[in-house]
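For reference, the structure is listed below as structure tokens.
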Amino acid sequence: MHPAILPLMKRILVGIKRVVDYNVRIRVKPDGSGVVTDGVKMSINPFDEIALEEALRIRERGAAEEVVVATVGPADCQQQLRSALAMGADRALHVEAGGVIEPLTAARALLKLIEREQPLLVILGKQAIDDDNGQTGQVLAALWNRPQATYASKLELAEGSARVTREVDTGLETLEVDLPAVITTDLRLNEPRYVKLPDIMKAKKKPLETLTLATLGVEARQQLKLVRFEPPPQRQKGIRVKDAAELVDALKKRGLL
Amino acid sequence: MSARVLIVAEHDGARLNPSTAKCVSCARSLSGAQIAVAVCAASPAAVAAQAARLEGVQRVLALEHPANAHALAAVLAPQIVALADRFTHLLGPSTTYGKDLMARIAGLLGAPQVSDIMGIESATRFRRPIYAGNAILTVEAAEGAKVVGTVRMASFEAAAGSANAAPIESVAVSAPLPTHTRFVSVSAARSDRPDLQTAARVISGGRALGSAEGFKILYSLADKLGAAVGASRAAVDAGYAPNEMQVGQTGKIIAPELYVAVGISGAIQHLTGIKDARTIVAINKDGEAPIFEVADFGLVGDLFELIPQIEKLVS
Ligand SMILES: Cc1cc2nc3c(=O)[nH]c(=O)nc-3n(C[C@H](O)[C@H](O)[C@H](O)COP(=O)(O)OP(=O)(O)OC[C@H]3O[C@@H](n4cnc5c(N)ncnc54)[C@H](O)[C@@H]3O)c2cc1C
Ligand SMILES: Nc1ncnc2c1ncn2[C@@H]1O[C@H](COP(=O)(O)O)[C@@H](O)[C@H]1O
């Protein structure tokens with residue numbers, strides 16, 4: 001577990017989730033059964049792109065040999081795995097699963113992949129921007145009985161450990177964690193690269209292995225039933241004031257100043 | 001069977017964070033709930049005493065251990081899990097502290113977590129925002145299943161103080177605590193301004209402020225108003241403001257009485273953070289900016305002229 005010479009580690013595992021693109025205006029289906037996803041642009045969860053970018057940079061510095069991306073989800077998710085390969089990942093693992101995949105199920109599947117791949121570093125996003133759960137990394141670290149460093153904005157590797165700066169409510173916190181560990185990314189960790197066209201072609205030839213929850217021995221349990229989706233209450237559009245004086249008057253009338 | 005709720009307190013070693021009082025309010029919306037608060041600290045007495053005086057709290061469990069000097073999720077989670085048998089619901093605040101910790105607890109328990117609870121319909125039914133607040137989802141846990149939750153701060157008022165203090169019990173920490181995670185440092189920008197998450201008035205600046213120097217006109221106005229200062233992601237990314245000032249989906253979700261967005265366009269991810277503000281004011285030179293769609297009062301113009309004018313008018 002403590003390799004003395006570079007490359008520091010053999011492998012980094014990155015979790016990738018397919019989500020509705022962050023630019024899409026979300027609409028709730030009239031019958032309350034979900035949000036409209038038909039014909040909607042899908043992308044890699046933005047935090048996972050950051051996770052992958054960080055892994056690629058570590059590999060490019062010579063501190064890791066290989067970057068493996070993994071996703072748990074239906075067949076469509078392979079599009080995002082291909083995008084991840086185009087960004088520079090070496091291999092992709094697709095754990096095929098249908099229906100609602102809760103963080104616990106995703107984490108159990110990722111743990112099986114960890115047992116198989118033996119990564120020293122596992123990087124996930126801090127939250128998926130569809131369900132906004134923000135749980136999977138912590139759940140995985142708990143199941144694996146390994147350290148977690150969430151909301152990372154800086155990651156420095158040493159032998160057998162990592163120093164992680166975290167964006168917390170009070171400011172920036174730095175932790176030292178022994179490896180292997182789970183890191184989850186915040187927005188300011190890095191800026192993901194753009195994919196170039198030739199890389200998309202090359203990605204088609206990279207290995208993408210398909211597994212299933214069943215072959216991994218993971219049960220797809222859904223513990224929370226999705227009862228109803230509703231649009232949020234809309235704020236009333238207000239009024240335009242013509243200048244600073246009118247604004248200050250209006251706020252004083254409301255007792256706000 | 002009535003709900004037995006354990007709330008994991010957030011604190012800095014000396015003071016209980018107001019987020020805990022909000023968790024108590026959330027727990028109280030479960031009818032007939034018995035509410036206990038767990039305080040993990042190196043010396044929990046002071047914080048436990050504060051928790052004991054929150055209205056609705058029946059018991060405080062004090063977990064004293066030197067390893068609790070810093071709130072490390074990997075260290076705290078097994079201590080809470082050791083208590084979990086006695087409770088039906090385990091709640092923590094949806095702050096970076098609570099989000100980091102509660103999901104680790106859920107993982108150890110193999111229990112479902114409901115993130116960002118904004119409303120409780122029953123002991124098994126919860127409402128929460130998804131898609132950056134663009135949809136509200138009602139979820140239901142199985143009858144009798146243990147549920148872990150994080151409580152959305154903007155959705156609950158802090159529980160009031162109570163004249164009678166609840167009993168405080170010391171709980172011995174017997175769970176083995178990992179040493180694989182170590183605290184190194186924290187750079188908390190100490191500020192005399194009100195706390196962004198609890199301030200009644202907040203003034204936020206966006207990319208338009210142009211520099212850290214540019215933000216000074218906001219600080220100056222904020223000080224006149226006793227307001228906290230926030231920022232958009234673009235302003236934080238550009239280094240005009242520190243990360244803890246970010247408001248939005250991936251920053252802080254706030255619910256002040258007055259929110260003033262200055263030179264902020266109003267991206268969905270930003271609006272997520274301010275939807276519960278009582279009154280929103282937008283100041284932007286672009287009359288078409290999306291921020292005006294949600295603003296109660298909109299003022300079109302150059303912020304560098306308008307902010308000093310406003311400051312003069314309120315002086
Ligand atoms: C996954 C994800 C998460 C995100 N999370 C967040 C988040 O938590 N919080 C957040 O804020 N953003 C978040 N964002 C970013 C968000 O999408 C926007 O990019 C960001 O909010 C834009 O910041 P801004 O309004 O300051 O900048 P801009 O969009 O560039 O707007 C600047 C505004 O200033 C106005 N302006 C310019 N000069 C002047 C002047 N002199 N006087 C008056 N007005 C002027 C312009 O008209 C414009 O409307 C997130 C994005 C992603 C993808
Ligand atoms: N189905 C999945 N497959 C792979 N990775 C996932 C999956 N779900 C979540 N993740 C990872 O966990 C992070 C947090 O997701 P969540 O807990 O759903 O907010 C995401 O950013 C991904 O990196």
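So that the names make sense, note that chain A is the first sequence line, chain B the second, and so on, each numbered from 1. The structure displayed is predicted, hence computed values, not measured ones.
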Item checked: Contact origin within B/Phe126 toward chain A - heavy atom pairs under 4.5 Å -> neither
Margin query: With a 4.5 angstrom heavy-atom cut-off, is it the side chain or the backbone of A/Val20 that approaches chain B, or both, or neither?
Written below: side chain
Note to self: For the backbone of A/Gly171 and the side chain of B/Asn243, can you confirm whether one donor and one acceptor N or O come within less than 3.5 Å of each other?
What the structure shows: yes
Item checked: Toward chain A, the part of B/Leu225 with a non-hydrogen atom under 4.5 Å -> side chain
Notebook entry, point to check: Checking A/Tyr151 against chain B: side chain, backbone, both or neither under 4.5 Å from a heavy atom?
Noted result: side chain
Next item on the list: Could you look at B/Arg125 and say if it's the side chain, the backbone, both or neither that has a heavy atom under 4.5 Å from chain A?
Entry: side chain
Item checked: Cationic N near anionic O, under 4.0 Å, B/Arg127 to A/Glu230 -> yes
Note to self: Just so I know, are the side chains of B/Val236 and A/Arg188 near enough to count as touching, which here means a heavy-atom distance under 4.5 Å?
What the structure shows: yes
Next item on the list: With a 4.5 Å heavy-atom cut-off (strictly below), which parts of residues 252-259 of chain B touch chain A? List them by number.
Entry: B/Lys252, B/Glu257, B/Leu258
Item checked: Which atoms of A/Lys126 approach chain B - backbone, side chain, both or neither, heavy atom under 4.5 Å -> side chain
Checklist line | Any donor-acceptor pair under 3.5 Å from B/Arg128 side chain to A/Asp131 backbone | finding: yes
Note to self: What verdict does the side-chain hydrogen bond (donor to acceptor under 3.5 Å, both in side chains) test give for A/Gln138 and B/Asp100, after you've listed the backbone C-alpha separation in whole Å, the side-chain angles of each residue and the deciding distance to 0.1 Å?
What the structure shows: CA-CA 7 Å; A/Gln138 299 90 306; B/Asp100 184 45; 4.8 Å; no
Note to self: Would you say that B/Gln113 contacts A/Asn133 through its side chain, given a criterion of any heavy-atom pair below 4.5 Å between the two side chains?
What the structure shows: no
Check: Given that the side chain runs from C-beta out, which part of B/Ile274 has a heavy atom under 4.5 Å from chain A: side chain, backbone, both or neither?
Finding: backbone
Next item on the list: Could you tell me which portion of A/Val28 (side chain, backbone, both or neither) has an atom closer than 4.5 angstrom to a non-hydrogen atom of chain B?
Entry: side chain
Margin query: With a 4.5 angstrom heavy-atom cut-off, is it the side chain or the backbone of A/Arg254 that approaches chain B, or both, or neither?
Written below: side chain
Checklist line | Residue B/Glu311 versus chain A: region with a heavy atom under 4.5 Å | finding: neither
Notebook entry, point to check: Which bit of A/Gln222 is near chain B, if near means a heavy-atom gap under 4.5 Å: side chain, backbone, both or neither?
Noted result: neither
Note to self: Using heavy-atom distances under 4.5 Å, tell me whether B/Glu305 contacts chain A through its side chain, its backbone, both, or neither.
What the structure shows: neither
Notebook entry, point to check: With a 4.5 Å limit on heavy-atom distance, are the side chains of B/Thr181 and A/Leu175 in contact?
Noted result: yes
Next item on the list: Decide yes or no for A/Thr174 and B/Phe183: does some side-chain heavy atom of the first lie under 4.5 Å from some side-chain heavy atom of the second?
Entry: no
Margin query: In the structure I gave you, are the side-chain heavy atoms of B/Asp296 and A/Ile239 within less than 4.5 Å of one another anywhere?
Written below: no
Item checked: A/Leu140 versus chain B, the contacting section by heavy-atom distance below 4.5 Å -> neither
Notebook entry, point to check: Using non-hydrogen atoms only, which part of A/Val35 is less than 4.5 Å away from chain B: side chain, backbone, both, or neither?
Noted result: side chain
Next item on the list: Would you mind checking which part of B/Ile280 comes under 4.5 Å of any heavy atom in chain A, side chain (CB onward), backbone (N, CA, C, O), both or neither?
Entry: both
Check: Hey, which residues of residues 70-81 of chain B are touching chain A, say heavy atoms under 4.5 Å apart?
Finding: B/Leu72, B/Ala73
Checklist line | Toward chain B, the part of A/Ala245 with a non-hydrogen atom under 4.5 Å | finding: both
Item checked: Side chain, backbone, both or neither of A/Leu247 within contact of chain B (heavy atoms, under 4.5 Å) -> side chain
Item checked: Which atoms of B/Ile268 approach chain A - backbone, side chain, both or neither, heavy atom under 4.5 Å -> side chain
Margin query: Report which part of B/Ala135 has an atom under 4.5 Å of a heavy atom belonging to chain A: side chain, backbone, both, or neither.
Written below: both
Item checked: Under 4.5 Å from any heavy atom of chain A - which part of B/Val281 -> side chain
Next item on the list: Please flag which part of A/Arg240 lies under 4.5 Å from any non-hydrogen atom of chain B: side chain, backbone, both or neither.
Entry: both
Next item on the list: Find out whether B/Tyr97 and A/Thr170 are in side-chain contact, i.e. whether some heavy atom of one side chain is under 4.5 Å from a heavy atom of the other.
Entry: no
Check: Does some side-chain heavy atom of A/Asp178 sit less than 4.5 Å from a side-chain heavy atom of B/Arg182?
Finding: yes
Check: What part of B/Ala267 gets closer than 4.5 Å to chain A, counting heavy atoms only: side chain, backbone, both or neither?
Finding: neither
Item checked: Residue A/Tyr22 versus chain B: region with a heavy atom under 4.5 Å -> both
Note to self: Report which part of A/Leu104 has an atom under 4.5 Å of a heavy atom belonging to chain B: side chain, backbone, both, or neither.
What the structure shows: side chain
Checklist line | Presence of salt bridge, B/Glu121 and A/Arg228, under 4.0 angstrom | finding: yes
Notebook entry, point to check: Which bit of B/Asp195 comes within less than 4.5 Å of chain A, counting heavy atoms only: side chain, backbone, both or neither?
Noted result: neither
